[in-house]
Amino acid sequence: MSLQFWKPGTIGPGSSLDRATETEENVIPSAPLVTNLSIDAARQRLPIFKHREKLLYCVEKHGVTIVVGQTGCGKTTQLPQYLYEAGWSTNGNLIVCTQPRRVAATSVAGRVSTEVGTILGDEVGYTIRFEDVSSKERTRILYMTDGMLFRETLVDPLLSRYSVIMIDEAHERSVYTDLMLGILKNSPFTFMPIVCNRIRRKRPSLRLIVSSATLDATSFLDYFTSGNAPDEATIVSLEGRMFPVQVAYLQEPVPDYVRKAAEVVWSIHLQNGSGDILVFMTGREEIDRCLEELSEMLPSLPRYAMRLRLLALHAGLSTNEQLAVFEPAERGSRKVIISTNIAEASVTIDGIKFVVDSGFVKIRTYNPTSSLSSLVTVPVSQASATQRAGRAGRTSSGICYRLYTESAFQTLPLTTPPEITRVDLTTPILQLKSLGIDDLMKFEWVTSPPAESVLRALEGLYAAGMIGEDGRLTVVGEKVAECPVDVNIARMLFMSKEYKCGEEILTIAAMTAVQDVFIIPEGAAGALAELERRKFTAEEGDHLTLLNAYNAFIRYGRSSSWCKSHALSFRAMSRAVSIRSQLKKYMQRFGLPLESCEGDAKRLRKCLVSGYWRNGARWVADGTYRSVRGNTTLYVHPHSVLFTRKPRSGWVVFHEMEETKKTQIRILTEIEPDWLLEYGHKYYDKRTGASVQ
DNA sequence: GAGCACTGC
């Protein structure tokens, strides 16, 4: 394979590390310091233990401490321990550290409890949805998902259990991270001493640490100090322990990065010593194509070369298939993992020495005007590209090959827009209202979502009866805010009392909340799986089909082998069981009866319409649908049981709509059109005088 | 007749 694609002076496959000019000595830039920690000290790149006293001092003195720490600097594991030793968790107080992901919260808690020398769940514990491994009396350091802490604020807005709150991985800017930071600054109940002195009287001892792996951390400081109180907060930079990763760029852009990726993998393999290869693609389709290209090359592998073990990694794989990427390659062979963005932060594989970065990623976007969510392929941000490159330097020095030019890299956005700017805000805004934040126009977001999204969410909440004309929560809205489900689904749960079908609606609510219930593989196996699925098919549509599958799963003893032989995902089904039992508790608390409709599907479908009435669609002769709102053309998702069939009444409601190549609707149920009117009139007549046609 | 990036409560 020719090396001419690689810009001279950067590193091409096969060139020696010694000869190559380094474009970036270490792809993780060292952090500039805005700190009252001595800049000289930082320049000397002191190891973390020398920061320790300064760090404790900063937390002690200031309301907000921003910590910039690279991968491996120990901020997540060490910092809470320092605070613990320094006595921040006396008098029954807790030090809480939030993580965006469940696995991170559990694994870090495990590590720290070992370091402290206690059993997990004793002094060190974790709390994630469905799992609370902590002790009310004894736990002092608690790891938690940020979503879980956010939910806790709905119950205890003062967060009175905690003396220190550390929002970790803040650079990822998950919705819940942003909401947590937002309420810490804005809520009338919370305490930011800098911003809100009246609260400082309520919680004078509470401290906040925001920790981030990237430098946009300075913006967190500005956010909390409104840009004018630098002596009230600090940024501390910690040195990471990472091996250097060198970066090579293409000299010329390529039209087909999938093919190019396969070629680069091939030349790395032939010209470099041992070390596994990780390739970033955008989705399953590209992964499969790249694997195909590589397997076609395999027969031409020279006899002297190591063997190649080709692996795919994406979220759609079963647990076992995912675990395969962690198995060390056999002697004399090299692992090549072709992955989605899952390997950028969620899944960490040791032993990777080479990263091949396509430079693209699929992200969710939301168009508030059409309330359409879509999945688009976009160029990655520089921060993402840096993170991807870093995956090559976890266990030794490595090389990252970027399948784009250096000048293209310079034009990439610095960061990915925070998730809060790209999602439907209906649920977040309902929850903020529940926290007493009524005037959303005055709410100071870390990054403001589009005003249109806020308005659309308010409109939806009003239409669903969650807020009144004054914008305040209704009695139902107050309850629904506590429920961990979508507003539509919550409405159904409440209406099930009228339709006497709580038992079934509860199951449907749980099943619609999990993804990939049916496993339909490609090709011949897929056809067999389709046949299996037909055993559960209800002619009314997907909701009742999901209900049938759930009931059968319970009837046959929740067995994983049973799932396997019926094309069902055991993981998804088990999750549905957990969600159902959680939602059941909410129903009991709200006094909603768990009656069965005793096979009366009409009652059940009417209840579905009470939640989905804004998601109506009409069948047209070409097999597509037209939405009731907006009259846009909708295509049925191929996984729907109504994909091949016209609904008898010609009308359906659907669970969600999403734009991919076309606008698709997922999880459909056949209904009578006048059921839509029953709910539609209440809304349309009052607001605009228009009606549902 | 055709397809789901990744989290989280």
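In what follows, every chain begins at residue 1, and chains take the letters A, B, ... in the order their sequences are listed. What you are looking at is a predicted structure, and each value in this text was computed from that prediction instead of being measured.
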Q: Does dT7(B) have OP1 or OP2 sitting under 4.0 Å from an N or O in the side chain of T145(A)?
A: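 Checking dT7(B) against T145(A), no side-chain N or O comes under 4.0 Å of OP1 or OP2.
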Q: Applying a 4.0 Å non-hydrogen cut-off, can you work out what R129(A) is touching in the nucleic acid: base, sugar-phosphate, or nothing?
A: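 Base: the residue R129(A), judged by heavy atoms under 4.0 Å, touches a nucleobase.
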Q: Give the nucleotide from the list dC9(B), dG1(B), dT7(B) with an atom nearest to the side chain of I128(A).
A: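 Closest nucleotide among those given: dC9(B).
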Q: Does the structure place the NZ or CZ of R618(A) under 6.0 Å from the centre of the six-membered ring of Y625(A), at an angle of no more than 45° from the ring's axis?
A: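 That pair does not qualify as a cation-pi contact.
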Q: Identify whether any heavy atom of I342(A) sits under 4.0 Å from a base atom; if not, whether one sits that close to sugar-phosphate; answer base, sugar-phosphate or nothing.
A: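 The residue I342(A) makes sugar-phosphate contact but no base contact.
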Q: Taking side chain to side chain donor-acceptor pair (under 3.5 Å) as the test, write out the residues that go with T447(A), two or more places apart.
A: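 Result, side chain to side chain donor-acceptor pair (under 3.5 Å) vs T447(A): R173(A).
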Q: Nearest whole Å is fine: how far is dG8(B) C1' from Q431(A) CD?
A: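 Whole-Å distance recorded here is 11 Å.
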Q: Excluding sequence neighbours, so at least two apart, what forms side chain to side chain donor-acceptor pair (under 3.5 Å) with E539(A)?
A: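 With neighbours one apart ignored, the set is R648(A).
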Q: With a 4.0 Å limit, can you tell me whether H637(A) has a side-chain N or O closer than that to the phosphate oxygens OP1/OP2 of dC4(B)?
A: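 So the side-chain polar atoms of H637(A) do come within 4.0 Å of the phosphate oxygens OP1 or OP2 of dC4(B), strictly under.
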Q: Kindly write out the residues that satisfy side chain to side chain donor-acceptor pair (under 3.5 Å) with R645(A), not counting sequence neighbours, or none if the list is empty.
A: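 For R645(A) there are no side chain to side chain donor-acceptor pair (under 3.5 Å) partners, ignoring immediate neighbours.
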Q: If I take atom CZ in residue R173(A) and atom C1' in nucleotide dG8(B), what distance separates them, rounded to the nearest angstrom?
A: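 Roughly 17 Å, once rounded to whole Å.
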Q: Does Q664(A) have a side-chain nitrogen or oxygen under 4.0 Å from the phosphate oxygens OP1 or OP2 of dA2(B)?
A: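 So the side-chain polar atoms of Q664(A) never come under 4.0 Å of the phosphate oxygens OP1 or OP2 of dA2(B).
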Q: Whole Å only: how far is the CG atom of D132(A) from the P atom of dC9(B)?
A: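 Going from D132(A) (CG) to dC9(B) (P), I get 12 Å.
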Q: What's the closest nucleotide to the K662(A) side chain, out of dT7(B), dA2(B), dA5(B)?
A: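 Looking only at side-chain atoms, K662(A) lies closest to dA2(B).
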Q: If you measure from CD1 on I579(A) to OG1 on T507(A), what distance do you get to the nearest 0.5 Å?
A: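 It comes to 12.0 Å.
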Q: Is any side-chain N or O of T377(A) closer than 4.0 Å to OP1 or OP2 of dA5(B)?
A: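 No.
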Q: Any base atoms under 4.0 Å from H639(A), or only sugar-phosphate, or nothing? Heavy atoms, all strands.
A: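 If one applies the 4.0 Å heavy-atom cut-off, H639(A) turns out to touch a base.
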Q: Rounded to whole Å, please give me the gap between CG in D288(A) and P in dG3(B).
A: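 Answer to the nearest Å: 14 Å.
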Q: Output the single nucleotide from dG8(B), dC9(B), dA2(B) whose closest atom is nearest the side chain of P638(A).
A: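 When the side chain of P638(A) is considered, dA2(B) is the closest of dG8(B), dC9(B), dA2(B).
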Q: Of all the choices, dA5(B), dG3(B), dC9(B), which nucleotide is nearest to the side chain of R102(A) once you look at every atom?
A: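 Nucleotide nearest to R102(A)'s side chain: dC9(B).
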Q: Would you call R589(A)-E482(A) a salt bridge at under 4.0 Å N-O?
A: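 Looking at R589(A) and E482(A), the cut-off is met.
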Q: For F518(A) and dC4(B), give me the distance from atom CZ to atom P, rounded to whole Å.
A: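 After rounding, the reported distance stands at 17 Å.
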Q: Starting at CD of Q322(A) and ending at C1' of dC4(B), how long is that distance when rounded to a whole Å?
A: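 For the pair Q322(A) CD and dC4(B) C1', the rounded distance is 14 Å.
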Q: Identify, with sequence neighbours excluded, every residue that meets ring pair (Phe, Tyr, Trp, His ring centres under 6.0 Å) alongside F590(A).
A: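 Ring pair (Phe, Tyr, Trp, His ring centres under 6.0 Å) check on F590(A) returns F494(A).
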Q: Could you check how far CD of E169(A) sits from P of dT7(B), rounded to whole Å?
A: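 E169(A) atom CD is separated from dT7(B) atom P by 15 Å.
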Q: Within the 4.0 Å heavy-atom criterion, would you say F643(A) contacts the bases, only the backbone, or no part of the nucleic acid?
A: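 Counting heavy atoms under 4.0 Å across all strands, the contact made by F643(A) includes a base.
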Q: Please confirm whether the shortest side-chain N or O distance from T427(A) to OP1 or OP2 of dC9(B) is below 4.0 Å.
A: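 Indeed not, no polar side-chain atom of T427(A) lies that close.
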Q: Rounded to the nearest angstrom, tell me the gap between atom CG in D622(A) and atom P in dA2(B).
A: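 For the pair D622(A) CG and dA2(B) P, the rounded distance is 12 Å.
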Q: Looking at residues at least two apart in the chain, or sitting in another chain, which of them share a side chain to side chain donor-acceptor pair (under 3.5 Å) with R422(A)?
A: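 With neighbours one apart ignored, the set is empty.
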Q: For DNA chain B, which residues in residues 359-367 of chain A have a heavy atom at a distance below 4.0 Å?
A: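 Those residues are K362(A), R364(A).
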